[in-house]
**Student:** 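Take this structure, written in structure tokens, and hold onto it; I'll ask about it next.
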Amino acid sequence: MMSKFTVNFVGYHMRSRQKRPAIGLLLILLVVFGSCHKEIQSQKEVFRSDFATPASLQGIEGGVLNNYDGKTVTGFYNNSGFTLKIPSLEKHDLILVEFDLYIHDTWGGNNTGDRDNTDGPDIWELSIDDEKVIRTTFSNSQCLATYCLQQSYPKNYPFHYDAKASAYLTNLPGRCSLVNVAGGTTLYRIAKIFNHSASNIKLEFKDLLKQNNTVDMLCDESWSLDNLSVSIITVN
């Protein structure tokens with residue numbers, strides 16, 4: 001059984017990942033494994049994609065490519081997502097999953113909108129080997145003095161934080177229903193570490209969006225993803 005404990009590196013810049021001091025991961029391992037002293041034996045990246053070309057979707061089921069803000073991303077998704085399968089992994093104790101997540105347009109976070117819950121919550125999930133390790137909500141709401149559509153990130157639903165909490169960038173343009181509106185898209189740079197030792201791994205990225213606008217749901221709210229990386233870590 002995979003440990004439900006995770007570590008979230010909020011705002012961790014993925015492109016500088018290789019320069020991260022080993023002591024950082026060592027401190028994380030002390031938390032993951034308790035008081036026992038554990039040392040990093042090796043770290044190896046087993047998958048990386050910047051989704052720049054169709055070839056970058058190799059190993060991915062349900063992947064589509066589109067342009068957002070001058071870059072190619074996988075998306076856009078609404079009540080859908082994609083699955084990454086990586087076979088024949090070397091022996092390891094942990095996995096590190098890193099990615100840039102773009103939340104586009106009118107996500108309402110924990111808001112249900114009405115008694116029938118037809119307008120929320122807006123949930124996003126990451127499952128590893130069919131176990132949900134992230135099940136959270138995001139909100140692109142503009143917080144007023146006394147009111148804000150809250151979200152659960154950086155924790156799992158149903159925690160409550162202000163809209164765009166722990167975001168890396170909050171002023172990106174919307175994609176469709178909020179196109180050219182500053183703040184219509186929010187970028188989250190996410191890096192999480194999990195216990196994992198199986199020889200194969202399946203990662204599923206998907207949403208469970210709810211909305212009253214059923215005419216053009218993909219334009220109303222969607223998400224996309226970039227710079228996906230998976231690394232295996234061994235300790236002793």
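Values below: all heavy atoms of this structure, side chains included; hydrogens, waters and symmetry mates excluded. In what follows, residues are counted from 1 in the order of the sequence shown.
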**Student:** Given side-chain contact (heavy atoms from CB on, under 4.5 Å), test Tyr168 with Asp100 step by step and report yes or no.
**Tutor:** CA-CA 9 Å; Tyr168 183 78; Asp100 289 354; over 6 Å; no
**Student:** Measure the spacing between CD1 of Ile123 and CG of Asp207 and express it to the nearest 0.5 Å.
**Tutor:** 10.0 Å
**Student:** Check whether Phe99 forms a cation-pi arrangement with Arg189 (NZ or CZ under 6.0 Å from the six-membered ring centre, at most 45° off the ring normal).
**Tutor:** no
**Student:** Under a 3.5 Å cutoff, is there a donor and acceptor pairing between the side chains of Thr186 and Asn140?
**Tutor:** yes
**Student:** Report yes if some heavy atom in the side chain of Leu94 is under 4.5 Å from a heavy atom in the side chain of Asn195; otherwise report no.
**Tutor:** yes
**Student:** Are Tyr161 and Tyr153 close enough, and set up right, to give a ring pair (Phe, Tyr, Trp, His ring centres under 6.0 Å), and what steps lead you there?
**Tutor:** CA-CA 7 Å; Tyr161 294 92; Tyr153 189 82; 8.6 Å; no
**Student:** What distance separates Thr137 OG1 from His160 NE2, expressed to the nearest 0.5 Å?
**Tutor:** 8.5 Å
**Student:** Could you give the distance from OG (Ser80) to NZ (Lys206), rounded to the nearest 0.5 Å?
**Tutor:** 10.5 Å
**Student:** Just checking, is any N or O donor in the side chain of Gln211 or Asp220 under 3.5 Å from an acceptor N or O on the other one?
**Tutor:** yes
**Student:** With heavy-atom distances below 4.5 Å as the criterion, would you say the side chains of Thr53 and Leu65 are in contact?
**Tutor:** no
**Student:** Check for me, please, whether Trp124 and Leu84 land in the same ILVMFWY cluster - side-chain distances under 4.5 Å, paths through other members count.
**Tutor:** yes
**Student:** Are His104 and Cys176 close enough that some pair of their side-chain heavy atoms sits under 4.5 Å apart?
**Tutor:** no
**Student:** Would you say Val97 ends up clustered with Leu57 if hydrophobic residues are merged whenever their side chains have heavy atoms under 4.5 Å apart, either directly or through other cluster members?
**Tutor:** yes
**Student:** Taking all non-hydrogen atoms of both residues into account, name the closest pair between Leu89 and Ile201 and its distance.
**Tutor:** CD1-CG2, 3.9 Å
**Student:** Within the distance-only criterion (no hydrogens, no angle test), does the side chain of Ser222 pair as donor or acceptor with the backbone N or O of Phe76 below 3.5 angstrom?
**Tutor:** no
**Student:** Without swapping roles, check the side chain of Asp69 against the backbone of Pro173 for a donor-acceptor pair under 3.5 Å.
**Tutor:** no
**Student:** Main chain of Arg135, side chain of Asn156: is a donor-acceptor contact present, judged purely on distance under 3.5 Å?
**Tutor:** yes
**Student:** Please report the interatomic distance CZ(Phe47) to CD(Gln58), rounded to the nearest 0.5 Å.
**Tutor:** 8.5 Å
**Student:** Are Thr106 and Leu178 packed together at the side-chain level, in the sense that at least one heavy-atom pair is separated by less than 4.5 angstrom?
**Tutor:** yes
**Student:** Please answer: with hydrophobic residues joined when any side-chain heavy atoms are less than 4.5 Å apart, are Ile103 and Val64 in the same cluster?
**Tutor:** yes
**Student:** Got a second to check how far Glu204's CD is from Asp129's CG, nearest 0.5 Å?
**Tutor:** 11.0 Å
**Student:** Looking just at side-chain N and O atoms, do Ser197 and Asp93 make a donor-acceptor pair shorter than 3.5 Å?
**Tutor:** no
**Student:** Measure from the side-chain N and O atoms of Thr72 to the backbone N and O of Asn66, and report whether any donor-acceptor pair falls under 3.5 Å.
**Tutor:** no
**Student:** Could you check, using the six-membered ring where one of them is a Trp, whether Tyr77 and Phe205 have ring centers closer than 6.0 angstrom?
**Tutor:** no
**Student:** Between Asp130 and Lys202, what is the shortest heavy-atom contact and its length?
**Tutor:** OD1-NZ, 2.8 Å
**Student:** Taking all atoms of both residues into account, what is the closest heavy-atom pair of Ser224 and Gly75, and its distance?
**Tutor:** CB-CA, 4.1 Å
**Student:** Just by distance, do the side chain of Thr136 and the backbone of Lys155 share a donor-acceptor pair under 3.5 Å?
**Tutor:** yes
**Student:** Nearest heavy-atom pair of Ile86 and Val46: which atoms, and what distance?
**Tutor:** CD1-CG2, 4.2 Å
**Student:** Just by distance, do the side chain of Ser177 and the backbone of Cys219 share a donor-acceptor pair under 3.5 Å?
**Tutor:** yes
**Student:** For a quick check under 3.5 Å, do Glu45 and Ser229 share a side-chain donor-acceptor pair by atom type?
**Tutor:** yes
**Student:** Determine yes or no for a side-chain-to-main-chain donor-acceptor pair under 3.5 angstrom, with Asn110 supplying the side chain and Phe159 the backbone.
**Tutor:** yes
**Student:** Are Val133 and Ile95 grouped together when hydrophobic residues (ILVMFWY) are joined by side-chain heavy atoms under 4.5 angstrom apart?
**Tutor:** yes
**Student:** Leu209 vs Met217, test: side-chain contact (heavy atoms from CB on, under 4.5 Å). Steps then yes/no.
**Tutor:** CA-CA 9 Å; Leu209 290 171; Met217 298 172 66; over 6 Å; no
**Student:** Heavy atoms, side chains only, cut-off 4.5 Å: are His92 and Thr234 in contact?
**Tutor:** yes
**Student:** Please report the interatomic distance CD(Glu131) to CG(Leu126), rounded to the nearest 0.5 Å.
**Tutor:** 10.5 Å
**Student:** For the pair Asn200 (side chain) and Ser88 (backbone), establish whether a donor and an acceptor sit closer than 3.5 Å, ignoring hydrogens and angles.
**Tutor:** yes
**Student:** So, Asp105 side chain and Gly174 main chain: donor-acceptor pair closer than 3.5 Å or not?
**Tutor:** no
**Student:** So, Lys71 and Asp226, do they make that salt bridge, N to O below 4.0 Å?
**Tutor:** no
**Student:** Which heavy atom of Asp122 sits nearest to which heavy atom of Lys210, and what is that distance?
**Tutor:** OD1-O, 3.0 Å
**Student:** Would you say Ser56 and Asp50 are linked by a side-chain donor-acceptor pair, where the criterion is simply a distance under 3.5 Å?
**Tutor:** no
**Student:** Do the rings of Phe82 and Phe51 sit parallel, tilted or perpendicular, given the 30° and 60° boundaries?
**Tutor:** perpendicular
**Student:** Considering only residues two or more places apart or on different chains, which pairs with a residue in residues 157-171 satisfy salt bridge (charged side-chain N to carboxylate O under 4.0 Å, His left out)?
**Tutor:** none
**Student:** Is there side-chain contact between Ile233 and Ser42, with at least one heavy-atom pair below 4.5 Å?
**Tutor:** no
**Student:** Going through the checks in order, is the side-chain contact (heavy atoms from CB on, under 4.5 Å) test met by Leu203 and Thr83?
**Tutor:** CA-CA 6 Å; Leu203 298 96; Thr83 300; over 6 Å; no
**Student:** Does the ring pair (Phe, Tyr, Trp, His ring centres under 6.0 Å) test come out yes or no for Tyr68 and Tyr102, once each step is laid out?
**Tutor:** CA-CA 9 Å; Tyr68 170 72; Tyr102 292 91; 5.4 Å; yes
**Student:** Taking C-beta and beyond as the side chain, do Thr185 and Leu187 meet within less than 4.5 Å on heavy atoms?
**Tutor:** no
**Student:** With hydrophobic residues grouped by side-chain heavy-atom distances under 4.5 Å, do Ile128 and Leu228 end up in a single group?
**Tutor:** yes
**Student:** Can you tell if the side chain of Trp223 reaches within under 4.5 Å of the side chain of Leu225, non-hydrogen atoms only?
**Tutor:** yes
**Student:** Using the rule given for side-chain contact (heavy atoms from CB on, under 4.5 Å), can you reason through Leu208 versus Glu125, listing the C-alpha separation, both sets of side-chain angles and the distance that settles it, and then say yes or no?
**Tutor:** CA-CA 8 Å; Leu208 300 170; Glu125 294 182 344; 3.4 Å; yes
**Student:** Could you tell me whether the side chain of Gln151 and the main chain of Gly109 form a donor-acceptor pair under 3.5 Å?
**Tutor:** no
